[in-house]
Amino acid sequence: QPDEVPDGFKTSAQWGELWGMSTNAAGIILQRSTKAKAMEMKKFRIYTEGRGAYPTPHYREIKTSQSSDTHTSRPA
């Protein structure tokens, strides 16, 4: 059974498409951003070909008082 993914959470493939880069490159940026506390990661079950509903990492920007809307730019 797939989970409902909350607003703002995207997979590395979705972030990569948004940023105009490969899923792999986006994943590297997302992992570093998660360690730097600029992004948060949670796993949600989504439907995947061949696996059915599978827990997949999703990332969301952590809003701070200084951050602007960076959904269209890469995190630091």
query = Same cluster for Met41 and Ile29 if Ile/Leu/Val/Met/Phe/Trp/Tyr side chains link at under 4.5 Å?
reply = yes
note = Rounded to the nearest 0.5 Å, the CD atom of Glu40 sits from the NZ atom of Lys42 at a distance of 5.0 Å
message = Donor-acceptor check, side chain of Gln14 to backbone of Thr11, threshold 3.5 angstrom: yes or no?
response = yes
task = Check whether any side-chain N or O of Trp15 sits under 3.5 Å from a backbone N or O of Tyr59 as a donor-acceptor pair, and report yes or no.
result = yes
task = Check whether Met21 and Leu18 end up in the same hydrophobic cluster, where Ile, Leu, Val, Met, Phe, Trp and Tyr are linked by side-chain heavy atoms less than 4.5 Å apart.
result = yes
request  = Linking directly or through intermediates, with side-chain heavy atoms under 4.5 Å: list the remaining ILVMFWY members grouped with Ile46, chain and number order.
outcome  = Val5, Phe9, Phe44
inquiry  = So, using ring-ring contact (aromatic ring centres under 6.0 Å, His included) as the criterion, who are the partners of Tyr47 when residues are at least two apart?
reply    = none
Residue pair Leu30 / Met39: nearest heavy atoms and the distance that separates them = CD2-CE, 3.4 Å
Mind listing the side-chain donor-acceptor pairs of residues 48-58 below 3.5 Å, one per line with the distance, residues two or more places apart or on another chain?
unit_1: Thr48; atom_1: OG1; unit_2: Gly52; atom_2: O; d: 3.1
unit_1: Arg51; atom_1: NH1; unit_2: Tyr54; atom_2: OH; d: 3.4
unit_1: Thr56; atom_1: OG1; unit_2: Tyr54; atom_2: O; d: 3.0
unit_1: His58; atom_1: ND1; unit_2: Thr56; atom_2: O; d: 2.8

inquiry  = Take a 6.0 Å sphere around CD of Glu17 and say whether it holds more than 12 heavy atoms from other residues, nucleotides or ligands.
reply    = no
ask   = Minimum heavy-atom separation for Ser12 to Ala26, with atom names?
value = O-CB, 3.5 Å
